[in-house]
Amino acid sequence: MSRDIRVEDLSLEEKVQLLVGASWHLRRIHGTAGETRPVRGLPMVAMADGPSGIRIEPNPIRRWPATAFPVPIMLASTWNPELVEAVGRAMGEEARDYGIGVFLAPGINIHRHPLCGRNFEYFSEDPLLAGKIAVAYVKGVQSVGVAATPKHFAANEQETNRTTVDTIVDERTLREIYLKPFEIVVKEAKPWAIMSSYNKLNGKYTSQNEWLLTKVLREEWGFDGIVMSDWGAGDNPIEQVKAGNDLIMPGSDEIVSRLIEAVKRGELSEDYVNRSAARVLEFIKRTPAYKGYKPTNAPNLKEHSKLAYEAAAEGVVLLKNNNEALPLNTNAKVALFGTGQIETNRGGLGSGHTHPRYFINILDGLRNGGLRVDEELSSIYVNYVKENRGEDYLCALYYEEAYSEPLPQDVVSEEQVRKYAERNDAAVVVISRNSGEGWDRRAIKGDYYLTDSERRLIEVVSKQFHALGRRVIVVLNVPSPIEVVSWRDLVDAIILVWLPGQEAGRVVADVLTGRINPSGKLPTTFPRDWSDVPAAKAVECYPGTPPDNPKVVKYCEGVYVGYRYYDKYGIEPAYEFGFGLSYTRFEYRNLRVTIDDSVKVSFDVINVGKYPGKEIAQVYVKAPQGSLDKPVQELKAFKKTRLLNPGEVDHIELTINIKELASFNDAKRLWIVDKGEYEVRVGASSRDIRLTSKFTLNNEISFKP
Ligand code: BGC
């Protein structure tokens with residue numbers, strides 16, 4: 001192998017080979033997504049998905065399981081960058097140890113609409129939270145010498161017609177919301193790669209969009225890695241190379257020939273080929289394969305399973321807990337309802353899927369966690385699942401990547417429920433949903449809404465258990481928000497566990513019994529109804545027009561995405577951005593705000609309740625109304641406290657760079673920080689502001705992008 005190979009030494013054919021992946025067919029590691037080509041003895045660098053863990057297929061002979069971590073929406077619910085960095089490192093180690101040099105993650109598109117099928121793979125509706133969690137994730141992965149690939153750049157917020165739809169979005173909205181997480185991650189974590197998206201942006205495929213890939217990404221932000229296309233994206237490889245999409249994935253011999261011909265015919269300047277070939281060459285030289293790392297095929301799965309537990313434990317969001325219904329006694333008798341206790345969804349479908357070494361569903365988690373599960377009741381559900389999904393349903397739980405509609409939940413009669421209420425301390429009802437790549441969720445019963453049988457189950461269980469003074473708890477095992485307002489008053493507590501990875505059941509059991517005190521908060525709003533979201537105002541805004549086969553989608557709501565919209569227009573959400581309860585209570589005191597070349601914010605968080613716990617403190621800033629219309633407030637900093645015992649205080653100090661207060665003025669093409677009075681709002685959620693203070697900027701500040 002030629003160690004010091006330089007672009008100048010390569011023929012045109014060889015250089016073009018560097019720009020095109022080795023195709024679907026040449027995957028040496030089962031289940032990986034693609035590889036680079038072996039030019040001049042360079043190693044083929046393998047690439048694997050995806051955001052919740054390494055996606056490779058376990059081989060029956062040489063087993064290659066990978067840890068199923070909680071899905072990214074749950075990682076973001078931890079609001080804990082240190083923990084996410086540790087998860088990233090573990091995923092990076094697994095990639096490296098299985099011979100993979102490029103990890104196709106994290107996904108950092110914005111939660112624009114609750115029905116986007118890949119929201120579970122993305123972090124947040126807020127660009128700062130998404131960006132900061134992405135920074136931690138990328139640093140973790142790359143700390144072990146494996147490339148991270150933030151994706152999908154950019155404006156890919158729906159799955160409907162994702163490979164062709166043209167996303168129309170104004171520059172201010174793009175820069176403040178949709179590009180922002182990418183800008184943060186590029187500047188703060190220096191990813192080695194970025195994946196462009198499938199869609200068009202304002203008329204051009206993103207992978208063929210020079211403004212996006214060269215002007216913004218490289219010239220403005222200083223990106224120095226490679227851009228790779230999403231798999232099969234775009235319609236013109238020549239335009240891709242010109243735009244600065246360095247690597248075309250998964251690639252084919254036909255694309256190689258087409259590019260060589262284009263250079264020979266003068267349609268593509270060889271300078272473009274040289275530019276991207278140099279970048280891909282440098283990229284390959286950074287990877288473990290080039291550096292001679294011998295894959296062990298034996299990552300430390302045992303250690304990583306502890307981390308999968310810890311990450312899920314911190315990402316659980318307690319949405320409701322009336323009269324301290326939770327935690328339960330550690331040996332409480334529990335009646336477990338719903339097929340989701342068996343068919344617990346650990347992760348999402350599509351490229352975000354993982355094949356772990358083991359998986360603990362909710363039923364087994366509760367059994368092992370000391371709770372006394374009503375076995376007669378659960379056996380009814382076990383048999384029902386077997387009958388409907390087949391005897392080998394357990395096997396399917398491990399390997400299945402296909403979507404299954406939720407089973408009808410009329411499994412037990414009201415008389416039976418009464419019997420279980422008499423002999424148990426509490427009812428736990430599991431509601432499960434899943435979603436995946438390639439299609440959006442649906443605003444129908446069985447997806448965004450409860451099915452009739454799920455609703456009846458919650459009604460009957462609540463009636464019978466409450467008649468005897470027993471509590472009713474709902475566990476939401478869902479990839480993104482569902483409708484809750486029409487049924488939440490019936491139950492005492494709601495635990496949101498998202499798709500929690502391989503440790504699902506253990507985490508649910510430990511939350512129920514208080515071994516875990518929930519400390520996650522929502523990275524995305526739960527609207528009262530999906531139709532409240534601003535993107536739902538007209539079909540042209542989502543999923544686009546014509547409605548039966550959208551070609552164009554307009555981001556009509558501008559910067560008013562998520563809480564920016566609900567706050568501005570006074571719309572009550574079901575659970576607001578940043579919301580999450582704890583078994584303990586926290587108070588906020590002693591806010592101090594000072595300003596010199598940055599804004600320094602300090603305050604104390606005190607645990608005034610009965611249990612040890614962690615709090616996520618959020619700092620929002622309300623800007624003066626200057627030349628641009630602005631959101632009421634925007635998240636500018638956050639901090640999760642350490643574990644605080646009752647009575648303990650954490651002193652928090654945060655810094656906000658003044659440039660981060662800027663809005664983008666389209667007309668002037670400048671970022672502008674207005675002069676005037678700013679309000680610093682410190683709170684436990686976007687709507688639970690505990691302390692405020694003000695500062696004044698005497699002069700306007702403006703700067704170029
Ligand atoms: C997905 C990407 C993924 C790639 C490779 C595409 O369909 O959009 O997120 O990384 O496939 O599996």
Side-chain angles (χ1 to χ4, degrees), residues 20-36 44-57 66 71-73 91-92 95 98 100-110 116-123 130 134 137-138 141 146-165 167 181-182 185 191-201 205-207 225-235 240 245-252 347-355 401-403 435-440 479:
V20 183
S23 99
W24 285 107
H25 314 295
L26 259 175
R27 290 178 293 170
R28 290 161 306 138
I29 305 169
H30 212 54
T32 49
E35 291 188 72
T36 58
M44 295 172 74
V45 178
M47 308 182 181
D49 287 301
S52 315
I54 303 298
R55 178 192 181 222
I56 49 180
E57 275 151 34
V71 293
I73 199 171
M91 291 176 180
Y98 285 131
I100 291 150
V102 185
F103 188 38
L104 304 171
I108 58 175
N109 296 92
I110 290 286
C116 170
R118 293 184 89 170
N119 277 352
F120 73 92
E121 288 192 62
Y122 305 147
F123 294 129
Y137 190 117
V138 168
V141 172
V146 166
T149 316
K151 65 187 185 184
H152 310 86
F153 191 55
N156 177 194
E157 274 74 30
Q158 69 183 46
E159 289 300 282
T160 303
N161 284 3
R162 63 175 177 158
T163 56
T164 49
V165 79
T167 308
F182 289 96
V185 80
W192 301 359
I194 291 275
M195 187 189 295
S196 52
S197 56
Y198 277 128
N199 54 291
K200 295 177 190 143
L201 173 61
Y205 279 110
T206 59
S207 60
I226 62 159
V227 176
M228 72 175 78
S229 70
D230 200 344
W231 268 231
D235 64 357
Q240 289 179 322
N245 192 107
D246 307 299
L247 180 60
I248 298 169
M249 293 303 296
S252 67
L349 306 171
S351 56
H353 199 71
T354 42
H355 301 285
E401 288 195 42
Y403 178 78
S435 72
E437 179 182 342
W439 83 95
D440 284 323

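Start at 1 and go down the list; that is how both ligands and their atoms are numbered.
- Close contacts of ligand 1 with R162, meaning ligand atoms under 4.0 Å from a residue heavy atom, involve 7 (O), 8 (O).
- A centroid separation of 6.0 Å or more is found between the aromatic rings of W231 and Y198.
- Using a 4.0 angstrom heavy-atom cutoff, M47 does not count as in contact with ligand 1.
- Checked by atom type, the side-chain pair S351/R118 shows a donor-acceptor distance below 3.5 Å.
- Residue contacts with ligand 1: W231 is placed with no nitrogen or oxygen under 3.5 Å of a nitrogen or oxygen of the ligand (distance criterion only).
- Counted by atom type alone, T206 and S197 present one or more donor-acceptor pairs between their side chains at under 3.5 Å.
- Ligand 1 places these atoms under 4.0 Å from at least one heavy atom of Y198: 6 (C), 7 (O), 8 (O).
- Residue-ligand proximity, K151 to ligand 1, at heavy-atom distances under 4.0 Å covers atoms 2 (C), 3 (C), 9 (O), 10 (O).
- At least one side-chain heavy atom of D235 sits under 4.5 Å from a side-chain heavy atom of Y205.
- Contact analysis leaves E121 out of contact with ligand 1, as no non-hydrogen atom separation drops below 4.0 angstrom.
- Within the set T32, D49, L104, the minimum heavy-atom distance to atom 10 (O) of ligand 1 is found for D49.
- Within ligand 1, the atoms closer than 4.0 Å to a non-hydrogen atom of A33 are 5 (C), 12 (O), numbered from 1 in the order shown.
- Using a 4.0 angstrom heavy-atom cutoff, M195 counts as in contact with ligand 1.
- Every atom of ligand 1 is numbered from 1 in the order shown, and the set under 4.0 Å from a heavy atom of R118 is 1 (C), 2 (C), 8 (O), 9 (O).
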